[in-house]
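What follows is a single structure, written as structure tokens, with notes after it.
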Amino acid sequence: MSFPGMTPPVGGGMGGMGGAGAGGPANMQGMSEQEQMMVKMMYAAMESCPIKTVISGTMGFGLGGVFGLFMASMSYDSTFTPQGKAIADLPWREQVRRGFKDMGSRSWSSAKNFGIVGALYSGTECCIEGLRAKNDLTNSVSAGCITGGILGAKAGPQAAAAGCVGFAAFSAAIDAYMRMPEKE
């Protein structure tokens with residue numbers, strides 16, 4: 001069973017499916033042939049740069065929405081701030097209406113930003129990995145630099161350079177931590 005545009009995983013048939021690094025799961029015994037084909041197709045799809053980009057953008061969008069909602073809910077916790085004082089003088093229903101409206105707009109804004117960053121970084125890293133044919137720390141640092149540079153480009157060349165350095169350092173730290181061997 002094959003679909004247009006789908007290529008079989010590296011290693012071809014079941015003989016190449018000996019380990020997780022060979023393009024599929026380590027153990028597919030007990031599965032029917034149709035189930036094995038579905039598993040192979042899922043693994044092939046997850047190795048696709050467009051699919052990875054869409055998944056990262058969607059996950060970033062969701063995480064950004066939750067983060068924005070949380071941050072907006074903390075914004076009016078004190079009447080000592082100008083926003084808090086202005087809201088405190090309004091009737092209760094108007095306070096709730098404005099609070100929810102602000103939480104929605106901040107959540108949407110944060111969700112869009114996180115989604116863009118997630119999709120941009122993931123797509124860039126996947127393309128670099130495909131071009132280099134390696135999966136190492138250099139891919140993360142390069143993708144971080146490119147992503148930070150693109151995000152800072154509107155503010156000028158200095159901001160683009162600072163974004164490149166900052167995002168590359170953050171990417172290197174996260175990837176280095178994720179690649180640390182597990183201690184048992």
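The structure displayed is predicted, hence computed values, not measured ones.
The two residues Met31 and Gln36 make their nearest non-hydrogen contact at O-NE2, 3.3 Å. Nearest heavy-atom pair, Tyr121 versus Ala143, reported as atom, atom and distance to 0.1 Å: CE1-CB, 3.7 Å. Contact detail for Cys145 and Ala168: the closest heavy-atom pair is N-CB, 3.9 Å.
Residues Phe170 and Met178 share a hydrophobic cluster, clusters being chains of Ile/Leu/Val/Met/Phe/Trp/Tyr side chains in contact below 4.5 Å. No chain of hydrophobic side-chain contacts below 4.5 Å, direct or via other Ile, Leu, Val, Met, Phe, Trp or Tyr residues, connects Met103 to Val66.
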- prompt: Please walk me through it: do Asp175 and Arg179 pass salt bridge (charged side-chain N to carboxylate O under 4.0 Å, His left out)?
  reply: CA-CA 6 Å; Asp175 201 22; Arg179 291 178 186 273; 3.0 Å; yes

query: Going through the distances and angles, do Arg106 and Leu69 end up as a side-chain contact (heavy atoms from CB on, under 4.5 Å)?
result: CA-CA 7 Å; Arg106 285 192 193 189; Leu69 188 66; over 6 Å; no

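Considering CZ of Arg97 and CH2 of Trp92, their distance stands at 13.5 Å, rounded to 0.5 Å. Going from atom CG of Asp136 over to atom CD1 of Ile128 covers 10.5 Å, rounded to the nearest 0.5 Å. Interatomic distance, OG of Ser56 versus CG of Leu63, reported as 11.5 Å (0.5 Å rounding). A distance of 9.5 Å separates OG in Ser110 from CZ in Phe61, rounded to the nearest 0.5 Å. If you take NZ on Lys52 and CD on Glu125, they are separated by 7.5 Å, rounding to the nearest 0.5 Å. If you take CD1 on Ile174 and CG on Leu137, they are separated by 11.5 Å, rounding to the nearest 0.5 Å.
Between Ser140 and Ser171, the side chains place no donor N or O within less than 3.5 Å of an acceptor N or O (distance only, hydrogens not considered).
In this structure, Phe114 has its ring center closer than 6.0 angstrom to the ring center of Phe67.
Between the side chain of Glu94 and the main chain of Pro91, no donor-acceptor pair closer than 3.5 Å is present. Judged by distance alone, the side chain of Asn139 and the main-chain N or O of Lys134 form a donor-acceptor pair under 3.5 Å. Although no hydrogens or angles enter the test, the distance criterion places no donor-acceptor pair under 3.5 Å between the side chain of Ser109 and the main chain of Ser105.
The SG atoms of Cys127 and Cys49 sit 2.5 Å or more apart.
Residue Met59 places its CE atom among 12 or fewer non-hydrogen atoms of other residues, nucleotides or ligands, all under 6.0 Å distant.
For the side-chain contact (heavy atoms from CB on, under 4.5 Å) test with Leu151, the passing option among Asn113, Ile146, Leu120 is Leu120; the others fail.
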